[in-house]
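What follows is a set of notes on a single structure, which appears directly below.
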Amino acid sequence: MCGIFGLYARSGADEASARRAVARMRHRGPDAMGVWKSQDRSVVLGHARLKILDLSDGANQPMVSPDGRLALVFNGEIVNFKDVRAAYRGPWRFKTRGDSEVLLATFSQSGLAALDDWVGMFAFAIHDRERNLLTLARDRFGIKPLYLVDLAHGGLAFASEIPPLLPFLDRVRADEDVIRTYLETGLYDHTQRTFFAGITTLAAGTALTVDLATAERKVSRWYDATARIPDLSRVAEDELVEEGARRIETAIRDHLVADVRVGVNVSGGVDSSVLVGIAKQYVGDIHLFTQDYEPPYSEASWVREVADGCRLHTVSLSSRDILSQLERTAAFQAEPFGGVTVCGYEALYRKACSEDVTVLLDGNGVDETFLGYQRYHAHHVEAQKVEADWREAADAYHAFWQEAPPRFGAVGQVGRAIDGTDGTMPGAIAERLQRSTAVIEPATTVAVGADPLRALALSDLLSTKIPRGLRFNDRMSMASSRELRVPFLDHRVVEFGLGVPIQALLNAGGSKALFRKIASRWVPPTLAFARKRSVQSPQREWLATSWRPLVLDILGSDSFAGRGWIDPAAARTAYDRFCCGESNNSFFIWQWINLELWARGFLDRGVHATYGGT
C-alpha cells in the first residue's frame, strides 16, 4: 500500500509541486519516494512506497515498462498476482517478484480488460506514451481511494488523500450541500462529492481516460456488482455452505500474501473470528489486535476466546486517551468521520507498528453482503404483507434476538442507524444552510423492482455505509504506515453472498444465518451463532460527562456560530436534553464536534492544513 499523486497540465506540469504533494503522503509510503515526468512535460506521476511484496528497490515506483511506453503509479495489492503472472502469455520478461510489474505487464497486453482478472484492492494511474493517454482506475468496491481536482484548461490533479490536493484549489472551502446532507440524513461519502468544494473521488469500479492531446475525458464503468449476482435460488443449502466456505477460505488465504509480517484486527464477533480461524491455518505465529473500552463496552472475554493460541495485543482506551488524539485523528481523516472507535483504531495501528506487523486483515463487508445487521432482519419482518408470513418471520426474529419484532402492517418502525435508531438532529440545522443548499441523495445501486431489503443492503455496501468505513480505515492504517486488507470484500465472496436467497440468511438461525453455518467450520458454536453486537464505545457517556467541557466550548464558540451551519441555541438545547437522558443516540453531538474540528483544521487554515496537528 502506498500513496500516489499525479498532475496533468497541457502547458507543462510542475514537478516541484508534485514532489511536495508526494512528500505530504510520506506516512503512506515511508520506504521510498519517486517522481516521473513525461517527455512532453505535461504529466508528472509521484509515488510514496510502503514495501509489502518484493522488498527490493527494483520494485519501487513510478515503474516504467521496458520499452518506455507505459509509466505506472499504483496503490494497493493484487493478491492473486502469482496466478495472474503464471497465466500471462506475452513477451514481457519479469524482473521483480511483486504485483506492480504484473499489473503493468497485463495492462500493457489487455488494457482495462486485464482488471477483470485481478483480485484485490487498487487505485492506479498509467501514462501511455504511444497512445498519448492517461488512465486512472479504482478497484471494484473503492477499497483504495483516489481523489480528483479539475484544473484550468482541462488539467487534472489526483492523489490518494485530500491534503496534497489543497494547494491546487483556487480556495479551500466547504461543499455546503454535503454538509447539509450530513447533518440532515447522516449520509456522507455516498457520492463522488467530498466535504471540500472542488475535490471529488473517482467512483469505485470505474476508469477515467484522458486524451492528453485534447484534454478530453471519458469515464467508463469496468465493474458492476449488481450485474454479477448469480441466481442461487435453486441451489441446496448444503451446497451453498460448501461453495461459500470454499470462496471465503480462498479469499482469506489469498489476502495473506506478503513479504512482511501479517496480523488480524479482532473483535468478539463471528466475522473476525472466521478471519482468525482460517489465517491460523496458513500463518504459524499470527498477531491479533483489538481495541478495548471500559465495561460494559469491553469485549475482552469474547476476544480472548477468539484469540486462543495466538498473540493478542489489546489496546485499552480511556476517555483521556481518545480526547488527547482527537485532533490528530481529525487531521489524518481530513473529513468528518464516524466516532470514537475511529480514534481507537489509530492507537491500534500504532501498536501494530511497534510490533513490526505491517499488514492487517479486517472483517468489513460481511454484514452488508450476508444480511448481518439486526435492522435488516427487522426490515424483513416489517416488509411482510400477509399476516401468516409476518407471523413466521416475526417468530424467527424473536427466537434469535429475544426482542419484540416490528408490528404487522406498521411501516417505518426501523431507523437508519445500524442499531435501528435515528441519530441526526435536522431541527438544529441553521436556517441559512437550509435555504441555500440541497440534500444529495445516494445514487441508485439496483434496478427498480428489486427486493427492497436487498436494495437497502446493496445501498449500504456500495454507497451509504461501506465507502465511508473504508475511508476511515485507510486513513488510520496509513497514518501509521500499516496496510489494511478486507478479504470479505473480495468480489468472489461478495457476488456469491449477494446471490444467496434471503430465506437462507434471515431465519430462526438469526441474521446472516448461512454465513454462521459456514463459520462454524472454523469457529466455536458460542461465537458462530452468537447474536450480532454492534461495535460500540462509551462515546454517549463521554459526550455527556468527561467531554462536556469540549462540547460546551465548541457549541459556544464564535467560529461554530459564524459558519452558519448549525443554530447554536438549538444545538445547546438539544445537548442539554441529551445530557438529561432524552436520547440514546449521540451521533448528532458527534457531528457538531466533528464538523467544527474539521473546519478549524482545514477551512480556517486553508492550504496550510497539516497532518496530525503538526
Verdict with supporting geometry, Phe337 and Tyr345, ring pair (Phe, Tyr, Trp, His ring centres under 6.0 Å): CA-CA 12 Å; Phe337 58 97; Tyr345 272 112; over 10 Å; no
How far apart are the C-alpha atoms of Arg228 and Asp116, what are their side-chain angles, what is the distance that settles it, and do they pass the salt bridge (charged side-chain N to carboxylate O under 4.0 Å, His left out) test? CA-CA 12 Å; Arg228 307 289 184 100; Asp116 286 328; 3.6 Å; yes
Step by step, would you call Gln61 with Arg49 a side-chain contact (heavy atoms from CB on, under 4.5 Å)? CA-CA 7 Å; Gln61 298 179 45; Arg49 184 186 181 200; 5.9 Å; no
Trace of the salt bridge (charged side-chain N to carboxylate O under 4.0 Å, His left out) decision for Arg600 with Glu596: CA-CA 6 Å; Arg600 291 177 183 180; Glu596 182 60 20; 2.8 Å; yes
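The structure places CG of Leu506 at 7.0 Å from OG of Ser511, a figure rounded to the nearest 0.5 Å. From Thr135, atom OG1 reaches atom CG of Leu72 across 11.0 Å, with rounding to the nearest 0.5 Å. To the nearest 0.5 Å, atoms CG (Leu275) and CG (Asn265) are separated by 9.0 Å. To the nearest 0.5 Å, atom CG of residue Leu136 and atom CZ of residue Phe158 are 4.5 Å apart. The CD1 atom of Ile440 lies 10.0 Å from the CD1 atom of Ile179; values are rounded to the nearest 0.5 Å. With rounding to the nearest 0.5 angstrom, the CD atom of Glu495 is 8.0 Å from the CG atom of Leu498.
Arg516 places a side-chain N or O within donor-acceptor distance of the main-chain N or O of Ala528, the cut-off being under 3.5 Å. Judged purely by atom type and a 3.5 angstrom limit, Glu77 has no side-chain atom pairing as donor or acceptor with the backbone of Met121. Side-chain atoms of Ser463 come within 3.5 Å of backbone N or O of His190 as a donor-acceptor pair. Put simply, the side chain of Asp259 never gets that close to the backbone of Leu53: no donor and acceptor are under 3.5 Å apart. Counting only distance, with no hydrogens or angles, the side chain of Arg140 and the backbone of Gly120 share no donor-acceptor pair below 3.5 Å. When atom types are taken as modelled, the side chain of Gln291 and the backbone of Ala347 share no donor-acceptor pair closer than 3.5 angstrom. Although no hydrogens or angles enter the test, the distance criterion places a donor-acceptor pair under 3.5 Å between the side chain of Arg28 and the main chain of Cys2. Side-chain atoms of Thr106 come within 3.5 Å of backbone atoms of Leu103 as a donor-acceptor pair (strictly under, hydrogens ignored). Here the side chain of Ser459 pairs no donor or acceptor atom with the backbone of Ala455 at under 3.5 angstrom. The backbone N or O of His27 sits less than 3.5 Å from a side-chain atom of Ser481, completing a donor-acceptor pair.
Side-chain atoms of Thr329 and Leu326, non-hydrogen and from C-beta on, never get closer than 4.5 Å to each other. Residues Phe602 and Glu335 are not in side-chain contact: their nearest non-hydrogen atoms beyond the backbone lie 4.5 Å or more apart. Between Tyr349 and Leu484 there is a side-chain heavy-atom pair separated by less than 4.5 Å. Residues Leu470 and Asp474 form no side-chain contact, since every pair of their non-hydrogen atoms from C-beta on lies 4.5 Å or further apart. Side-chain atoms of Val178 and Phe196, non-hydrogen and from C-beta on, never get closer than 4.5 Å to each other. Using a 4.5 Å heavy-atom threshold, the side chains of Glu176 and Trp565 count as touching.
With sequence neighbours excluded, the residues that form a salt bridge (charged side-chain N to carboxylate O under 4.0 Å, His left out) with Glu355 are Lys351. Asp150 pairs by the salt bridge (charged side-chain N to carboxylate O under 4.0 Å, His left out) definition with Arg217, not counting sequence neighbours.
Counted within 6.0 Å of NZ on Lys82, heavy atoms from surrounding residues, nucleotides or ligands total 12 or fewer; the atom is thus considered open.
Here the shortest heavy-atom pairing between Ile518 and Gly244 reads CD1-CA, 3.8 Å. The minimum heavy-atom distance between Leu112 and Ser220, with the atom names listed, is CD1-OG, 4.1 Å. The two residues Ile52 and Glu483 have their closest heavy-atom pair at CG1-OE1, 3.7 Å.
For Phe124 and Trp118, the ring centers sit closer than 6.0 Å to each other.
In the model, Glu249 has a side-chain atom that pairs as donor or acceptor with a side-chain atom of Tyr282 under 3.5 Å. With no hydrogens or angles considered, a side-chain donor-acceptor pair links Asp460 and Tyr376 at under 3.5 Å. For the residue pair Asn80 / Asp254, no side-chain donor-acceptor distance below 3.5 Å is found, with atom types taken as modelled. Thr290 and Glu299 share no side-chain donor-acceptor pair at under 3.5 Å.
Of the candidates Glu346, Arg475, Arg471, Arg471 is the only one forming a side-chain hydrogen bond (donor to acceptor under 3.5 Å, both in side chains) with Gln333. No option in Phe195, Trp590, Tyr188 other than Phe195 meets the ring pair (Phe, Tyr, Trp, His ring centres under 6.0 Å) test with Trp598.
Ring geometry for Phe370 against Phe515 counts as tilted: the plane angle lies between 30° and 60°, on a 0 to 90° scale.
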